[in-house]
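Next up is a structure, given as structure tokens.
In what follows, chains are A, B, ... by sequence order, proteins preceding strands, each numbered from 1. As the structure is a computational prediction, the values presented were derived from the model and not from experiment.
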4 protein chains.
Amino acid sequence: MKAKRLFHDSQRPGRGRPRQAATGHAILRATREILARGGVHGLTVEGVAARSGVAKTTIYRRWRSKEDLALAALLEVVQREPPVRHLGHTRTALNAYFGRMISNFQSRLYGRVVRGLVSDLAVDRELARGFREQVLARRVAEVTGLLQRGIERGELRPDLDLEIAIDLLFGPIYYRLLISGEALTSAFIDRLVGAVMAYGR
Amino acid sequence: MKAKRLFHDSQRPGRGRPRQAATGHAILRATREILARGGVHGLTVEGVAARSGVAKTTIYRRWRSKEDLALAALLEVVQREPPVRHLGHTRTALNAYFGRMISNFQSRLYGRVVRGLVSDLAVDRELARGFREQVLARRVAEVTGLLQRGIERGELRPDLDLEIAIDLLFGPIYYRLLISGEALTSAFIDRLVGAVMAYGR
Amino acid sequence: MKAKRLFHDSQRPGRGRPRQAATGHAILRATREILARGGVHGLTVEGVAARSGVAKTTIYRRWRSKEDLALAALLEVVQREPPVRHLGHTRTALNAYFGRMISNFQSRLYGRVVRGLVSDLAVDRELARGFREQVLARRVAEVTGLLQRGIERGELRPDLDLEIAIDLLFGPIYYRLLISGEALTSAFIDRLVGAVMAYGR
Amino acid sequence: MKAKRLFHDSQRPGRGRPRQAATGHAILRATREILARGGVHGLTVEGVAARSGVAKTTIYRRWRSKEDLALAALLEVVQREPPVRHLGHTRTALNAYFGRMISNFQSRLYGRVVRGLVSDLAVDRELARGFREQVLARRVAEVTGLLQRGIERGELRPDLDLEIAIDLLFGPIYYRLLISGEALTSAFIDRLVGAVMAYGR
DNA sequence: GACTAAGCGAGACGGTACGTCGCGTCTTAAA
DNA sequence: TTTAAGACGCGACGTACCGTCTCGCTTAGTC
């Protein structure tokens, strides 16, 4: 009967009372705080509503699910990340890049959200699209940039299979984070980057 | 204040009426069927009880949670896998091994369960231990074996960093399965194995 | 702290843009349509707004509640009723009068609205006043007229307790409509009127 | 999928854990208290749950709706009423009977519940059946008894139309309670009973 | 052969959270 | 000032599962 509204947070036409920006921030702040302790598991729409002093309905008006909400909170953080520094040796740059990445994983928010959302990526297409387009694509582009510069600088061979190289770098990190549970230390990053450089030379 | 029951499936003292073996099978069969469609998301203790004609209590007597149950269903399948064949070139053997692995992932049950459980691994230590000891360790041992044989056969250099090699093989596969969502084709396996062989030579 | 608006449908001061008469009709038409199927139970301000293409605010500017709105829709119908015919025997006239009344009850709108509003009469004084002054008083006056004419014509005794007579006529009808649920047939009306005539002679 | 369970409060087969009688009482007590102030309007399942310290689900397990619940609370009271006394003149007996009835209506609970439920009788067949079979039928039978005894005693004529007599007695009372809002005094009862006796003689 | 300790099915129960409906008020921009 | 549009806080809804409990009945081995 009633047409389903599709824009959950996205830009809407300028009719009716505009959304209160403050409301959105309050929601996301509460979300972050709850995520930090408790992770996605401990996140409930009811809880966010209570903590942010916002009505449950208002939250549902803007996000489809608590997973969407968690992703939004994640995005806020990701988008504030400083751009990559393309300086010095490729190996050094990669080390720095992934070093920062694993320290992000260690942080309450980032690691918990990613771990908490993985299972839902397989089930919720919208969520997966959001995560891949807004978080993953960015990271992949950054590292691809570093690798390409490595080729230009002659540190990597020109015919390097970039796609596989990307998988070889990101794969083991997520594998340790999610599956094997083994430590994500900078020593490990060093060995990993070393191996990929060796392969790519 | 009642003492917590500790043996959830493990052997219990031989007093009273012994457990009906058939009951356990019925439960696991229902679990598998539900997992096949709907994945871990669609799995509920209530549903399993209904489908298997078993009382909820009976299920809780044997497993701590639906995640445990899913893992148990997974194990049944894993334990029935034939042993690895150590024949021919290392590259060929690895190709065969991971080829079978991704075809497992494609199967309803296996892929769904793994995807559905990842998020819980971070939260449920028992579950993580079970998964790592019973599923992962086995796979890692098998591949380590293949790699070691490759060293013996002179196809891989003796000082190869085995730990990293393992990460380089499993990582990208799980990464694609869980994170990037990109296709897990045999062509991809071929390129991946090729890259690792190149690195290890 | 804004002063409460008092004129809900009544005449307002002639400043600013005057109300669109068409708007009011559209609202009442939508209301009638919704009432016809679904009754007061199915009536919602939200629904009326959607169906009439009018904003919720506009409705609230004119009526206090959905019950008020239902009453307004009822009044439109009631006010269009033709006046009573004072012809022939009193018994015949009463039969005709109440015959028309129960056929009104059978109609979707009328019966449903009355049944739907009764419970609110006890709670909403405004509503009760409206209903009694605009609907009930009219009917009572009409029947009182018929009875008085009966007295003048010598068909009823002069010392008849008119108040009780009115109760004896209306009471059983509403009782069947609302409480006992027994059939409101013209045969019943005949017996009822007969009984009251017998009592009043 | 799951077979709907039909017995809401009624007798169930003796499987599973039996219902806690105390729970039911707690629920009904809370219901009565809430009904007394606030009537059916102020009655919410949530409120009853809170007040009785019982889980909402438990309430829904036993009653289909808050209206059902209100009816149940009413029944408890009704069933405790003492039987009618068949003594003295019929007119006196009727006066006594209906006198007690209107004093019941004045009571918080009874009047409020009846007024609150009327509108729902038209919509909820189950509810209507319950109310008519358990409350109304009983009252009608009692009064019918009184009238029949009046016939036997020669105070009423043998060919009296009992059905209409019943309507003539109950009708005006409910009419005043629900529709006209006029006072339900014992003087009124006296005039009403007088009128019906006059008609029935 | 009865006793007894569990197994087992059934379902009650308290609980948490869900996602939705409708309310009545508000804040915009356009008319 | 009216109007359409829609945000917002709010209260309640009825449902899904959770994990625990309390029944009655069954099924072994042990005394």
Quiz item: Starting at the 5' end of DNA chain F, which residue's closest nucleotide do you reach first, C/T23 or D/S65?
Solution: C/T23

Quiz item: Are OP1 or OP2 of F/dG6 and a side-chain N or O of A/R19 less than 4.0 angstrom apart?
Solution: no

Practice problem: Under the side-chain contact (heavy atoms from CB on, under 4.5 Å) rule, collect the residues that match up with C/A122, sequence neighbours excluded. | Solution: D/R115

Quiz item: Toward the 5' end of DNA chain E, which comes first, C/V45 or A/V45, by nearest nucleotide?
Solution: A/V45

Quiz item: Between D/T31 (side chain) and D/A73 (backbone), is there a donor-acceptor pair under 3.5 Å?
Solution: no

Exercise. Rounded off to whole Å, could you give me the CG-to-P distance for the C/D68 and E/dG24 pair?
Key: 11 Å

Practice problem: Could you tell me the separation between the CD1 atom of B/I59 and the P atom of E/dA10, rounded to a whole number of Å? | Solution: 12 Å

Exercise. Please state how far atom OH in D/Y60 lies from atom P in E/dA17, giving the value in whole angstrom units.
Key: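 It works out to 19 Å between those atoms.
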
Self-check item: Interatomic distance where CD belongs to D/E46 and C1' belongs to E/dC21 [whole Å]
Solution: 14 Å

Practice problem: State whether the side chain of C/K66 and the backbone N or O of C/L43 hold a donor-acceptor pair below 3.5 Å, judged by distance alone. | Solution: yes

Exercise. Please list, chain by chain and in numerical order, all residues satisfying side-chain contact (heavy atoms from CB on, under 4.5 Å) with B/V54, sequence neighbours excluded.
Key: B/T23, B/I27, B/S52, B/T58, B/I59

Self-check item: Steps toward side chain to side chain contact (heavy atoms under 4.5 Å, CB included) verdict (D/R62, D/D68)
Solution: CA-CA 9 Å; D/R62 299 180 176 219; D/D68 246 46; over 6 Å; no

Quiz item: Over how many whole Å does the gap from A/R17 atom CZ to E/dT27 atom C1' extend?
Solution: 5 Å

Quiz prompt | Nucleotide E/dC21, atom C1' - distance to NZ of C/K66 in whole Å | solution = 11 Å

Exercise. Consider the side chain of D/V54, meaning its heavy atoms from C-beta on, and name the nucleotide among E/dC23, E/dT28, E/dG14 that approaches it most closely.
Key: E/dG14

Practice problem: Starting from the 5' end of DNA chain E, give me the residue, C/T44 or D/A55, whose nearest nucleotide shows up first. | Solution: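 Mapping each residue to its closest nucleotide by heavy atoms, the 5'-most match is D/A55.
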
Quiz item: Which residue lies toward the 5' end of DNA chain F, D/L43 or C/S52, if each is placed at its nearest nucleotide?
Solution: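 Result of the comparison: C/S52.
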
Exercise. State which of F/dA5, E/dC23, F/dT15 makes the closest approach to the side chain of D/K56.
Key: F/dT15

Exercise. Establish, with yes or no, whether the OP1 or OP2 oxygen of F/dG6 is under 4.0 angstrom from a side-chain nitrogen or oxygen of A/R15.
Key: no

Exercise. Would you mind telling me which of F/dG19, F/dG6, E/dT20 lies closest to the side-chain atoms of C/T57?
Key: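 Side chain of C/T57 sits closest to F/dG6.
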
Exercise. Give the nucleotide from the list E/dC21, E/dC8, E/dC23 with an atom nearest to the side chain of B/Q20.
Key: E/dC8

Quiz item: So, for B/A70 and B/L117, which heavy atoms are closest and what is the spacing to 0.1 Å?
Solution: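 For B/A70 and B/L117, the tightest heavy-atom pair comes out as CB-CD2, 4.2 Å.
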
Quiz item: F/dC17 P sits how many Å from B/R51 CZ, rounded?
Solution: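 For the pair B/R51 CZ and F/dC17 P, the rounded distance is 14 Å.
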
Quiz item: Are B/R62 and E/dC8 close enough that a side-chain N or O sits under 4.0 Å from OP1 or OP2?
Solution: yes

Quiz item: Is the distance from OP1 or OP2 of E/dG9 to the nearest side-chain N or O of B/T58 less than 4.0 Å?
Solution: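 Yes, within the criterion.
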
Quiz item: Taking only side-chain nitrogens and oxygens of B/R61, does any of them come within less than 4.0 Å of OP1 or OP2 of E/dG7?
Solution: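 Yes, such a contact exists.
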
Quiz item: Looking for any heavy atom pair under 4.0 Å, which part of the strands does B/G53 touch: base, sugar-phosphate only, or nothing?
Solution: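 Contact class for B/G53: sugar-phosphate only.
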
Quiz prompt | Protein-nucleotide distance (B/R64, atom CZ; F/dC17, atom P), rounded to Å | solution =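 After rounding, the reported distance stands at 21 Å.
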
